[in-house]
Student: 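Below is one structure. I have some questions about it.
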Amino acid sequence: MNTKSVVVITIDGPSGAGKGTLSQLVAKRLGYHLLDSGALYRLVALSAHNLNVNFQDEQAIADVASKLHVKFDTTGDATRILLVGEDVTDAIRQESVSMNASVVAAYPKVREALLQRQKDFAQLPGLVADGRDMGTTVFPNAQVKIFLTASAEARAQRRFKQLQEKGVAVNMDELVSDIKARDDRDTQRATSPLKPADDALILDSTSLTIEQVLSAILAHVR
């Protein structure tokens with residue numbers, strides 16, 4: 001298939017900005033496929049942990065990435081993520097996995113191993129790609145690019161609420177610190193650092209509701 005004929009909408013931004021929720025809503029509204037690129041890095045981190053791979057060994061982590069056996073099951077109301085047939089949708093959202101995902105995502109060899117796999121998600125009728133370098137590296141020719149951001153404090157508050165609802169005890173100060181550390185790693189890495197594409201629409205969701213951001217994105221798409 002000529003992927004140039006496929007409409008691609010990229011939604012990039014830092015952790016906790018609301019990319020995942022909004023990407024799913026946009027994809028559902030338009031009837032497009034969805035790529036959660038962050039889930040791929042979380043899956044690499046979880047898989048490496050399960051295999052007792054040294055997180056300082058870039059080549060070993062890249063080998064895990066190249067052999068990742070993953071499936072995104074979109075048949076139900078919510079997308080389920082399967083790793084070697086096991087449902088790990090909730091497991092990859094644990095804070096420890098999130099931090100390890102940020103570490104492995106900084107490795108050039110890991111990003112290279114996952115690049116073509118991400119490109120292959122561009123299928124008709126269209127794709128919404130959620131991540132940190134979708135509009136700059138993976139789909140630089142995407143027709144629509146969004147960069148979604150919010151203050152570290154607002155993002156920590158959202159994460160705090162999510163974890164509380166799941167019954168997970170968490171410290172707000174530690175959450176803010178973790179998010180800022182992840183931002184530093186993501187923006188300062190040598191390969192595909194987190195930054196808006198030159199032609200991206202930048203949306204700050206700090207004081208906006210999900211519905212307001214969704215309306216702004218759909219208006220921009222139209």
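Hydrogens, waters and symmetry mates play no part in the numbers below; they use all other heavy atoms, side chains included.
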Student: Provide the closest heavy-atom pair for S37 versus G131 in the form atom of the first, atom of the second, distance.
Tutor: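 That would be OG-CA, 3.1 Å.
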Student: Taking a hydrophobic cluster as the set of Ile, Leu, Val, Met, Phe, Trp and Tyr residues connected by side-chain heavy atoms closer than 4.5 Å, whether directly or through intermediates, do I202 and I11 fall within one such cluster?
Tutor: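 As far as the 4.5 Å side-chain criterion goes, I11 and I202 are not connected within one cluster.
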Student: Does atom CD of E95 have more than 12 heavy-atom neighbours from other groups under 6.0 Å away?
Tutor: yes
Student: For S47, which of V53, L68, I61 qualifies under side-chain contact (heavy atoms from CB on, under 4.5 Å)?
Tutor: L68
Student: Run the side-chain contact (heavy atoms from CB on, under 4.5 Å) check on K161 and E165 step by step: do they pass?
Tutor: CA-CA 6 Å; K161 186 179 178 183; E165 288 172 352; 3.5 Å; yes
Student: Using every non-hydrogen atom in the two residues, find where R42 and I92 come nearest and quote the distance to one decimal.
Tutor: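 That would be NH1-O, 2.8 Å.
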Student: Please indicate whether K67 has more than 12 foreign heavy atoms, meaning atoms of other residues, nucleotides or ligands, lying under 6.0 Å from its NZ.
Tutor: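 Incorrect, the count does not exceed 12.
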Student: Taking NZ, NE, NH1 and NH2 as the nitrogens, is one of them in D186 or R132 under 4.0 Å from a carboxylate oxygen of the other?
Tutor: yes
Student: Can you list the steps and then say if D133 with K195 is a salt bridge (Lys or Arg N to Asp or Glu O under 4.0 Å)?
Tutor: CA-CA 8 Å; D133 65 343; K195 64 178 181 180; over 6 Å; no
Student: Going only through I, L, V, M, F, W and Y residues with side-chain contacts under 4.5 Å, is there a path from M99 to I179?
Tutor: no
Student: Using a strict 4.0 Å threshold on nitrogen-to-oxygen distance, state whether R155 and D183 make a salt bridge.
Tutor: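 D183 and R155: salt-bridged.
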Student: Is it the case that S15 and R182 place a side-chain donor and acceptor less than 3.5 Å from each other?
Tutor: yes
Student: How about NE2 on H220, more than 12 heavy atoms from neighbouring residues, nucleotides or ligands closer than 6.0 Å, or not?
Tutor: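 Buried by this count: over 12 neighbours within 6.0 Å.
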Student: Pairing donors with acceptors under 3.5 angstrom, does anything connect the side chains of R185 and S102?
Tutor: yes
Student: Does one hydrophobic cluster hold both V110 and L194, with members joined at side-chain heavy-atom distances below 4.5 Å?
Tutor: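 Hydrophobic grouping puts V110 apart from L194.
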Student: Using a strict 4.0 Å threshold on nitrogen-to-oxygen distance, state whether D36 and K19 make a salt bridge.
Tutor: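 So D36 does not pair with K19 through a salt bridge.
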Student: Identify the two heavy atoms, one from F55 and one from H49, that lie closest to each other, and give their separation to 0.1 Å.
Tutor: CZ-N, 4.0 Å
Student: Grouping I, L, V, M, F, W and Y whenever their side-chain heavy atoms are under 4.5 Å apart, do M134 and L40 come out in a common cluster?
Tutor: yes
Student: CG of N54: more than 12 outside heavy atoms within 6.0 angstrom?
Tutor: yes
Student: Are L114 and Y41 packed together at the side-chain level, in the sense that at least one heavy-atom pair is separated by less than 4.5 angstrom?
Tutor: yes
Student: Using distance alone, with no hydrogens and no angle criterion, decide if S205 and R158 have a side-chain donor and acceptor under 3.5 Å apart.
Tutor: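 Indeed, the side chains of S205 and R158 share at least one donor-acceptor pair under 3.5 Å.
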